[in-house]
Amino acid sequence: MSRTRDGLALRSLASRKGRGTWQFKAESFSATAAGEEHGFSELYHHRRLALVRLALLLVDDLPTAEDVVQDAFAALLHRHGRRLSGLDDPEAYLRTSVVNSARSVLRRRRTARAYIPERQHHVPSADQSVLLAETHQEVINALQHLTRRQREVLVLRYWSDLTEAQIADTLGVSRGTVKSTANRALNALGRQLEISR
């Protein structure tokens, strides 16, 4: 599968709309709203679901993804208050917090798995089919075989629709690293999808 088709498959996941499905491109939370009385509440209502979906792709576990996002919002509230004073871009703060928390979760899992034998795979919950349609499940499965940074770059680029500069800022790397990582990740994703067929 070509790099372009891989990117389009991920982008189609991000833009699915309709009955019984979800929409990723939630309306953006402006910095103006951050200064309003209910800035935090509006931010929570506008961005929580998109952030849970982002975390779900990174940690591959819905309850953990929800915990990661809840912790990010709790830290934001604790640090900046309900009016989000002193914060220029609350969305970027939350995105970075979610990515960093997901990394911590994966590190803890890796450590635990080194000492605890792996259990049998659990049966997916009934509502998982609502979140991920079968037609896109193979892309999601292939993502899990990429390195952590490759997965983060692809998810932030095609799922969250961020620019290279935003991704570089979120991950704390240079734009060149984002470009090269995305290129290697798309190649690896294509190979993985070919193997799975």
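Nothing here was measured: the structure is a model prediction, and the numbers come from that model.
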Taking the side chain as every heavy atom from C-beta outward, state whether [X] and [Y] have any atom pair closer than 4.5 Å.
X: Tyr44; Y: Leu76; value: no
X: Val105; Y: Asp61; value: no
X: Val69; Y: Arg47; value: no

### Message
Just by distance, no angles: are the side chains of Arg82 and Ser41 close enough, under 3.5 Å, to form a donor-acceptor pair?
### Response
yes
### Message
Distance alone, cut at 3.5 Å: any donor-acceptor contact between the side chains of Ser104 and Arg107?
### Response
yes
Straight-line distance of [X] [atom1] to [Y] [atom2], nearest 0.5 Å:
X: Arg191; Y: Leu186; atom1: CZ; atom2: CG; answer: 10.5 Å
X: Tyr93; Y: Arg79; atom1: OH; atom2: CZ; answer: 5.0 Å
X: Gln192; Y: Asn187; atom1: CD; atom2: CG; answer: 13.0 Å
X: Leu156; Y: Asp169; atom1: CG; atom2: CG; answer: 11.0 Å
X: Thr64; Y: Leu58; atom1: OG1; atom2: CG; answer: 12.0 Å
X: Leu51; Y: Leu43; atom1: CG; atom2: CG; answer: 8.0 Å

Compare every heavy atom of [Y] with every heavy atom of [X], then report the nearest pair and how far apart it is.
X: Arg48; Y: Phe73; answer: CA-CE1, 4.0 Å
X: Ala65; Y: Val52; answer: CB-O, 3.8 Å
X: Ser160; Y: Leu54; answer: OG-CD1, 3.8 Å

Residues 170-179, side-chain donor-acceptor partners within the protein, below 3.5 Å, at least two apart:
{"from": "Thr170", "atom 1": "OG1", "to": "Gln166", "atom 2": "O", "distance (Å)": "2.8"}
{"from": "Ser174", "atom 1": "OG", "to": "Thr177", "atom 2": "N", "distance (Å)": "3.2"}
{"from": "Ser174", "atom 1": "OG", "to": "Thr177", "atom 2": "OG1", "distance (Å)": "2.9"}

### Message
Walk me through whether Arg109 and Asp60 qualify under salt bridge (Lys or Arg N to Asp or Glu O under 4.0 Å).
### Response
CA-CA 12 Å; Arg109 279 185 188 170; Asp60 192 30; over 6 Å; no
Side-chain donor-acceptor contacts of residues 144-154 below 3.5 Å, not counting sequence neighbours, with atom names and distances?
{"from": "Gln144", "atom 1": "NE2", "to": "Leu57", "atom 2": "O", "distance (Å)": "3.4"}
{"from": "Thr147", "atom 1": "OG1", "to": "Gln150", "atom 2": "N", "distance (Å)": "3.2"}
{"from": "Thr147", "atom 1": "OG1", "to": "Gln150", "atom 2": "OE1", "distance (Å)": "3.4"}
{"from": "Arg148", "atom 1": "NE", "to": "Glu152", "atom 2": "OE2", "distance (Å)": "3.4"}
{"from": "Gln150", "atom 1": "OE1", "to": "Thr147", "atom 2": "N", "distance (Å)": "3.2"}
{"from": "Arg151", "atom 1": "NH1", "to": "Leu146", "atom 2": "O", "distance (Å)": "3.3"}
{"from": "Glu152", "atom 1": "OE1", "to": "Arg103", "atom 2": "NE", "distance (Å)": "3.4"}
{"from": "Glu152", "atom 1": "OE1", "to": "Arg103", "atom 2": "NH2", "distance (Å)": "2.9"}
{"from": "Glu152", "atom 1": "OE2", "to": "Arg103", "atom 2": "NE", "distance (Å)": "3.0"}

### Query
Given the rule that I, L, V, M, F, W and Y join up when any side-chain heavy atoms are under 4.5 Å apart, are Val98 and Leu62 in one cluster?
yes
### Task
Using modelled atom types only, decide if a donor and an acceptor are shared between the side chain of Arg157 and the backbone of Thr163 within a distance under 3.5 Å.
no
